[in-house]
Asker: 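Here you go, one structure.
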Amino acid sequence: MKQKIKNIFVEGAIPPSKIAASIAHHQEKTKIGAHNIFLGQVRADQIEGKTVSAIEYSAQTEIANQVCHEIREATFSKYDLSCMHIYHSLGKVKAGEICFFVFVSSAHRKPVFDSLAELVNDIKEKLPIFGKEVFEDQSHQWKVNQ
Amino acid sequence: MKQKIKNIFVEGAIPPSKIAASIAHHQEKTKIGAHNIFLGQVRADQIEGKTVSAIEYSAQTEIANQVCHEIREATFSKYDLSCMHIYHSLGKVKAGEICFFVFVSSAHRKPVFDSLAELVNDIKEKLPIFGKEVFEDQSHQWKVNQ
Amino acid sequence: MKIKVRYFGQIKEITGKSDEYLVEQFETVQSLKSFLKKRYPELNALNFKIAQDNKIDEDSSHLHGTLIDLLPPFSGG
Amino acid sequence: MKIKVRYFGQIKEITGKSDEYLVEQFETVQSLKSFLKKRYPELNALNFKIAQDNKIDEDSSHLHGTLIDLLPPFSGG
């Protein structure tokens with residue numbers, strides 16, 4: 001069965017309650033023994049005396065969702081995972097808030113550790129998402145991933 | 001400053017709301033850019049026709065907390081982490097519920113990925129915690145880690 | 001053939017618009033890139049990718065799309 | 001010197017008690033282990049570790065503790 005392409009984007013920050021709800025949702029899946037979650041949080045970086053107060057995300061969402069779908073399928077083929085959930089913010093996310101949520105589950109711990117870092121790196125590298133770092137004085141610069 | 005030895009044990013399952021509260025608590029720490037969370041969930045394993053309904057955990061808590069403290073200190077020395085939180089259940093945890101919660105945070109993603117798997121493996125290997133797998137018919141067997 | 005060109009992130013800021021229509025003909029992705037770099041010189045300072053009809057394409061590819069996206073460096077996560 | 005011996009997990013099940021006091025003298029951790037394996041033969045089928053005064057110790061160590069814990073295989077997580 002061909003999987004439907006999912007929309008990974010949510011408007012604004014990802015609240016901790018959404019993460020809790022996602023974890024709770026897996027309690028009926030009693031073949032799962034291990035979950036691994038990555039969360040990206042907006043840093044209040046200090047750059048030349050100015051402090052980042054928020055990041056505004058935009059994206060070419062159609063390509064991003066398609067590429068994410070391909071990454072998802074490749075990861076399911078490569079690792080023995082039960083579940084995989086990926087969410088990324090669009091719009092304004094304030095410093096300290098969560099902008100990126102990747103969640104993998106498996107019967108055992110090895111597949112979740114092996115897959116999660118690869119998944120996060122792939123998503124950051126391959127998805128056309130653009131972060132604008134807004135400073136407290138409302139000036140801005142464009143985020144560059146390391 | 002010498003760190004106080006923390007008690008990692010909580011009675012019963014770890015509720016998703018506790019995990020959400022722990023995440024939310026980090027939103028004031030605006031130097032953090034990456035969180036990585038491992039959750040152990042009790043599996044309803046099928047063994048010789050019987051199904052695991054719960055695991056009852058016991059521990060030599062004094063040694064477990066001391067050894068965990070040493071693992072924690074060694075991990076902080078080795079990796080550039082901002083925060084580390086470790087919780088493990090005692091008593092009965094039903095299939096589908098969370099029994100183990102390890103949470104690391106850092107400015108960037110590499111230290112959290114590098115440290116979390118090592119931390120989880122060390123804790124499972126070195127802490128005197130004992131799991132009794134209780135079947136639906138109330139018979140039991142002693143859990144063996146792979 | 002008229003093509004619609006859309007600008008994202010920092011490129012939208014450079015061009016001052018989110019999209020525009022071009023009536024010029026281009027052989028390859030690279031030739032469209034060169035045309036736009038002349039029109040918007042600030043693009044020369046930036047590495048950007050082009051997508052044709054929602055697929056990211058190589059500079060050497062034949063330009064066939066009617067919907068073209070200019071994508072600045074990715075910085076999600 | 002009287003020592004208190006505590007039993008954990010599966011070992012508590014084998015001995016049928018959570019602790020007991022021993023008045024016998026033991027040179028090493030290993031000699032206490034041998035003594036207990038004779039008293040509780042099911043212990044022979046199990047790998048277990050011994051802690052003295054809340055520190056896990058080698059079989060070859062001198063037995064000096066007054067609080068001894070028998071720890072079956074660890075299975076946390």
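Below, chain A is the first sequence line, B the second, and so on; all start at residue 1.
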Asker: Sort B/Ala64 into side chain, backbone, both or neither according to what part of it lies under 4.5 angstrom from a heavy atom of chain D.
Answerer: neither
Asker: Give a yes or no on whether the backbone of B/Val134 and the side-chain of B/Glu56 come within a donor-acceptor separation of less than 3.5 Å.
Answerer: no
Asker: Check each of D/Lys55, D/Lys49, D/Arg6 against D/Asp69 using the salt bridge (Lys or Arg N to Asp or Glu O under 4.0 Å) test, and report the only one that passes.
Answerer: D/Arg6
Asker: Under 4.5 Å from any heavy atom of chain D, what part of B/Ile123 do you find: side chain, backbone, both or neither?
Answerer: neither
Asker: Under 4.5 Å between any side-chain heavy atoms of D/Leu43 and D/Lys37, yes or no?
Answerer: yes
Asker: If you tally heavy-atom pairs under 4.5 Å against chain D, which of B/His140, B/His88, B/Lys143 wins?
Answerer: B/Lys143
Asker: Would you mind telling me which of D/Pro72, D/Ala51, D/Pro73 has the largest number of heavy-atom pairs within less than 4.5 Å of chain B?
Answerer: D/Pro72
Asker: Keeping the roles fixed (side chain from B/Tyr57, backbone from D/Ser75), state whether a donor-acceptor pair exists under 3.5 Å.
Answerer: no
Asker: Relative to chain D, which segment of B/Phe100 carries a heavy atom at a distance below 4.5 Å: side chain, backbone, both, or neither?
Answerer: side chain
Asker: Find the one option among B/Lys132, B/Lys126, B/Gln66 whose heavy-atom pairs under 4.5 Å with chain D are most numerous.
Answerer: B/Lys126
Asker: Sort B/Glu125 into side chain, backbone, both or neither according to what part of it lies under 4.5 angstrom from a heavy atom of chain D.
Answerer: backbone
Asker: Would you please test B/His35 and B/Phe103 for ring pair (Phe, Tyr, Trp, His ring centres under 6.0 Å) and show each step?
Answerer: CA-CA 7 Å; B/His35 302 292; B/Phe103 184 0; 5.3 Å; yes
Asker: Quick one: are D/Val5 and D/Tyr7 in side-chain contact, heavy atoms under 4.5 Å?
Answerer: yes
